[in-house]
Amino acid sequence: MCGIVGYLGPLKAAPVLLNELKCLEYRGYDSAGVAVIENGRLSVMKAAGKLSNLEALLADKKPSANVGIGHTRWATHGIPNDQNAHPHTDSTGTIAVVHNGIIENYEELREELKGLGYAFNSDTDTEVVAHLVSHEYKVDKDLLKAITRSVKRLVGIFALGVVSQEHPDRIYAINHHYSLSVGLGNDENFLASDSMAVRQYTNRVIKLEQSEIAEITAAKVRLFTFDGVEVKRSPIALDTSPYVIDKCGYKHFLLKEIHEQPLVLRQTLSKYLRHPNHPIDLTIDHLTPAGSQSANYGVHLTDEEIKGLTRINIFACGTAYHASMVGKLLIEELVGIPVDVDIASEIRGRRLLCNESTLAIAVSQSGETADTLAALTEAKKKGAYTLGITNRADSHLAQLTQNLIVTECGIEVSVAATKTYLAQLACFYLLAIYLGERRGTLTPERAKELKIKLNLVPAMIEQILARDEVIRETSVKYAEAQDVVFIGRGLNFPTALEGALKLKELSYIHASGYAAGELKHGPIAVLDQNVPVITVLVPGLVYEKTLSNAQEARARKAKMIAVAVDGDEQAQRTFDSVLTIPPVDELFSPMTTVVPLQLLSYFISDYLGKDVDQPRNLAKSVTVE
Ligand code: G6P
């Protein structure tokens with residue numbers, strides 16, 4: 001979603017801003033812009049569409065300014081066009097603002113400012129901020145005070161960057177329940193809503209906390225609360241593990257990330273699972289990156305607290321929600337604690353039954369999903385223990401929780417989540433075994449068997465990836481479909497949902513996932529010879545019933561595709577196409593069955609010529625509710 005960047009120092013600001021913005025591209029956006037102060041004048045350049053449009057504009061204008069802010073916008077208020085792109089300026093054209101989040105009371109403020117004679121040029125909520133700051137600035141010509149008075153009037157969650165022609169030596173950054181980092185250089189400083197963007201220049205950052213304003217000059221960073229009180233904070237060191245934003249020879253990031261899954265799993269598993277004979281250790285403080293503020297790394301619940309848990313609530317969105325659905329089944333099966341899993345946005349306005357004996361788990365690749373953070377905050381207020389599962393140790397979620405499991409994926413660039421899904425699943429297997437060991441619901445023998453099987457999964461995924469050419473050939477046969485139905489049962493019902501989500505996201509083909517048993521309760525009405533039905537079929541407790549449900553679809557002449565294990569002759573007889581996987585224990589199958597479905601969606605998307613890594617309308621990090 002939207003991204004904020006900034007720079008001031010000896011370098012030309014525009015190329016730096018562009019480099020920073022490029023790092024935020026993966027988050028999703030539909031327009032981009034910069035504001036720089038050159039020879040005492042504020043100049044704004046912005047363009048709808050890809051960053052390459054802005055790049056062309058900057059190549060043409062060649063600004064040589066040393067200070068500026070930039071933005072990638074994901075449209076919320078107003079369509080994605082040049083006019084609505086950020087930065088927005090005040091009526092005098094001397095103050096420019098970039099903004100992430102939503103100003104909930106913008107209509108009221110807009111009317112008030114219009115009444116005072118301010119004219120608006122866009123449909124955005126952001127523009128009110130530019131006029132408000134400008135209006136307040138007239139009072140005492142003190143920009144910091146003007147910004148402070150202004151932001152105190154804003155309702156919502158937001159991050160802002162502000163520059164003014166009258167103060168060309170500084171950038172103001174404002175954080176209110178959002179995320180902003182100042183990257184510290186030598187006589188230069190950087191600003192970014194995602195620290196990834198400053199990492200190419202420095203790994204020393206100061207993260208703004210809630211309701212804070214940073215006054216950034218090339219030499220200094222000062223922090224203030226919204227009440228004007230100055231606060232001191234030491235910089236933290238960013239994780240030094242290499243985040244390679246490079247396709248490494250793959251045609252798309254998505255394909256590279258699908259192929260990284262065995263490695264990612266091995267890294268996540270080896271971090272917590274030393275040896276099958278040893279209990280799983282989720283308290284791994286010693287791996288905390290030097291200097292970071294991650295005192296909450298790992299799970300720090302005492303035996304007594306773990307034994308006292310009466311309920312677990314999991315909150316997540318999108319792909320992370322599907323991983324959480326698998327997590328619920330695993331924990332209930334192996335630990336025997338009742339688990340609720342909710343789409344995080346559904347918690348709003350609802351009576352959430354959490355208390356001091358509840359463990360609330362928020363799962364989010366980015367750690368910035370607004371709905372997930374809001375749900376977790378609600379559970380926290382009710383006294384629940386909190387645990388975050390995220391790929392970003394420096395995220396908002398990581399700061400919010402008492403316990404933290406960080407997936408070892410490196411940066412996931414493609415908007416559609418793949419490797420982080422697998423890593424989230426791995427975390428749930430680890431967590432379920434860990435809780436089972438600590439609560440005594442697993443015998444040491446059973447726990448050992450589970451750990452041995454878990455360690456076999458990366459090699460199975462490698463075998464599936466080696467079959468990608470067969471999967472490609474099969475996939476494109478179904479690429480012209482208008483509607484696709486995915487079915488699965490038990491642990492693979494979430495796989496069916498995730499398979500359908502991947503296909504929708506990547507190819508724009510309408511796809512729905514159903515619990516296989518539900519097919520006959522409605523969805524079967526849409527089936528005919530034009531609708532492919534993809535069945536996730538793994539030997540185990542629900543094999544026969546799933547197969548029966550597939551037969552119901554076959555009887556309606558649907559095109560039949562299965563994900564099934566090697567040597568499943570019944571599957572070979574029943575389905576038109578079978579995407580095979582190595583034999584797998586049903587309990588661990590969600591980690592392997594999803595892989596052919598990821599590849600299927602990838603190949604269809606590529607075949608159809610879609611924007612694989614940045615599908616239309618989607619954002620990687622969804623920071624609005
Ligand atoms: C967006 C992305 C999805 C992702 C979801 C949750 O919608 O497009 O791929 O699954 O957000 O994101 P999170 O960062 O919380 O896992």
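What you see is a predicted model; the values in this text were computed from it and never measured. Indexing begins at 1, ligand by ligand and atom by atom, following the structure's order.
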Straight-line distance of Cys2 SG to Asn100 CG, nearest 0.5 Å
5.0 Å
If a pair satisfies ring-ring contact (aromatic ring centres under 6.0 Å, His included) and one of its residues is in residues 380-433, list it, with sequence neighbours excluded.
Tyr429-Phe588
Going by distance alone, is a donor N or O of one side chain under 3.5 Å from an acceptor N or O of the other, for Thr401 and Lys380?
no
Plane angle bin for Phe158 and His99 - parallel if under 30°, tilted between 30 and 60°, otherwise perpendicular
perpendicular
Can you work out which protein residues put a heavy atom within less than 4.0 Å of ligand 1?
Cys317, Gly318, Thr319, Ala320, Ser364, Gln365, Ser366, Thr369, Val415, Ala417, Glu505, Ala619, Val622
Looking at Glu333, I want to see if its CD is surrounded by more than 12 non-hydrogen atoms of other residues, nucleotides or ligands under 6.0 Å.
no
Tyr272 and its side chain to side chain contact (heavy atoms under 4.5 Å, CB included) partner, picked from Asp281, Leu430, Val299, Thr283:
Leu430
